[in-house]
Protein chains: 2
Amino acid sequence: MNRDELLRLDNQLCFLLYAASRMIAGLYRPLLDKLGITYPQYLVMLVLWEHGDLSVGEIGTRLHLDSGTLTPLLKRLEKQELIQRSRSLEDERRVMIRLTDTGAAMKASAYSIPETLICNTGMSMAQYRTLKGELGKLFDQLKQVKSCAKEPGNHENL
Amino acid sequence: MNRDELLRLDNQLCFLLYAASRMIAGLYRPLLDKLGITYPQYLVMLVLWEHGDLSVGEIGTRLHLDSGTLTPLLKRLEKQELIQRSRSLEDERRVMIRLTDTGAAMKASAYSIPETLICNTGMSMAQYRTLKGELGKLFDQLKQVKSCAKEPGNHENL
DNA sequence: TAAAATAATATTGTACACAATTAATTTGGA
DNA sequence: TCCAAATTAATTGTGTACAATATTATTTTA
């Protein structure tokens, strides 16, 4: 591949990721509209349905989001009465997120979403598994790169 | 997989896409900071470097972005004097985007980016090719789904 | 144990995304 | 030809992302 080929949009893996991610989020939208939540809010709900009460930071670790993103998002979920936010008693720096009854009950309405979505993408089960495997590998590598970049003295390598 | 398994974050292909896409964008950031542009702005520059002058709509078709996103982004690129915006003379609805000399010259500084980035992800060449192939397939299928949804009378299927 | 370092969250500011609406222009019939 | 439909961008409003900073609470350490 020559220099110009390397810069062609179609040759950018990053663009495929970027575009596919947004297109998939677009497929979620009509399903999540029925629940009255956005796609990032849905990811937060998934984490809470799976793990129960978590602090803002623990949610952020799992979703790779910081408080700048999560704080306003969680306030919106609180306004919808899907979660409750409260300072931890043991450590008053932490803000604990707890599902309300409404929020916990929403899980029942969500069970059908994953399958509907895979179906709507038009992917075969084999294709789904392959892609998930490859993306999982990339994801794990990227997590390593990220944690490596955070080590002291490694800020200039990237 | 039972119902609860289906809703686990780790089982969501969409989350892998979403997280990996943002992490990759994070790897681009230090490289693009040197050029003074953001990742979506870089994608616009890629399209212009590849195709020359294009209308706002043509850029949007290639990047799957609408004028609500592109108009302010392009105004920022114009302020940096990387592009020029001007109404088409043949069709005054269209706004043509043209690279300035500075914008065209920036391509030379970008040639090294794709390889640096793949290297920084830690992916092998084989892994890169496999993932790109699988993502390409998904992308093409999603494009079909999207165009299908746009056909009259198909709004409720998704 | 008091000051310094660290940690957790919130806030501020900039830049996307995208739905919905608006405005201007072009096009295609009746 | 004239006008309704379609096309193209811009605008408005909401909701992420994320860097940088601020704030408050905890932990370390001198």
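Below, read A as the first sequence line, B as the second, and so on, with proteins coming before strands; counting in each chain starts at 1.
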Where do B/Glu81 and B/Thr100 come nearest, in terms of heavy atoms and distance? O-OG1, 2.7 Å
Would you say a side-chain N or O of A/Arg87 is under 4.0 Å from OP1 or OP2 of D/dA25? no
How are the rings of A/Phe15 and B/Phe139 set to each other: parallel, tilted or perpendicular (split at 30° and 60°)? perpendicular
Phosphate contact (C/dA17 OP1 or OP2) by A/Arg29 side-chain N/O below 4.0 Å: no
A/Arg76 CZ to D/dA17 C1', in whole Å, measures 11 Å
Under 4.0 Å from OP1 or OP2 of D/dT11: is there any side-chain N or O of B/Lys75 that close? yes
Could you label the plane-to-plane angle of the A/Tyr39 and B/Tyr18 rings as parallel, tilted or perpendicular, counting under 30° as parallel and over 60° as perpendicular? perpendicular
Give the C-alpha distance, both sets of side-chain angles, the deciding distance and a yes or no for side-chain hydrogen bond (donor to acceptor under 3.5 Å, both in side chains) between A/Gln141 and B/Gln127. CA-CA 11 Å; A/Gln141 284 166 275; B/Gln127 191 188 350; 2.4 Å; yes
Any base atoms under 4.0 Å from B/Leu73, or only sugar-phosphate, or nothing? Heavy atoms, all strands. sugar-phosphate
NA contact type, A/Gly57, heavy-atom cut-off 4.0 Å: base, sugar-phosphate, or nothing? sugar-phosphate
Tell me: CD1 of B/Ile59 to C1' of D/dA9, nearest whole Å? 12 Å
Nearest whole angstrom, please: distance from the P of D/dT24 to the CG of A/Leu89. 19 Å
Candidate nucleotides C/dA17, C/dA8, D/dA17, ranked by approach to the side chain of A/Arg94 - the nearest: C/dA8
With respect to the side chain of A/Tyr18, which nucleotide from D/dT11, C/dA17, C/dC18 is positioned closest? C/dA17
Is a donor-acceptor pair below 3.5 Å formed from side chain A/Arg93 to base D/dT24, judging by atom type as modelled? no
Whole Å only: how far is the CG atom of A/Leu77 from the P atom of D/dT14? 17 Å
If you take all heavy atoms of A/Ala110 and B/Leu7, which pair is closest and at what distance? O-CD2, 3.7 Å
Using a 4.0 Å heavy-atom cut-off, does A/Thr38 contact any base of the nucleic acid, only the sugar-phosphate backbone, or nothing at all? sugar-phosphate
Both A/Glu90 and A/Ser67 contact DNA chain D. Which one's nearest nucleotide lies toward the 5' end? A/Ser67
Over how many whole Å does the gap from A/Gln41 atom CD to C/dC18 atom P extend? 16 Å
Whole angstroms only, please: what is the CG-C1' distance between B/Asp66 and C/dT22? 14 Å
Of all the choices, C/dT26, C/dA17, D/dA10, which nucleotide is nearest to the side chain of B/Asp91 once you look at every atom? C/dT26
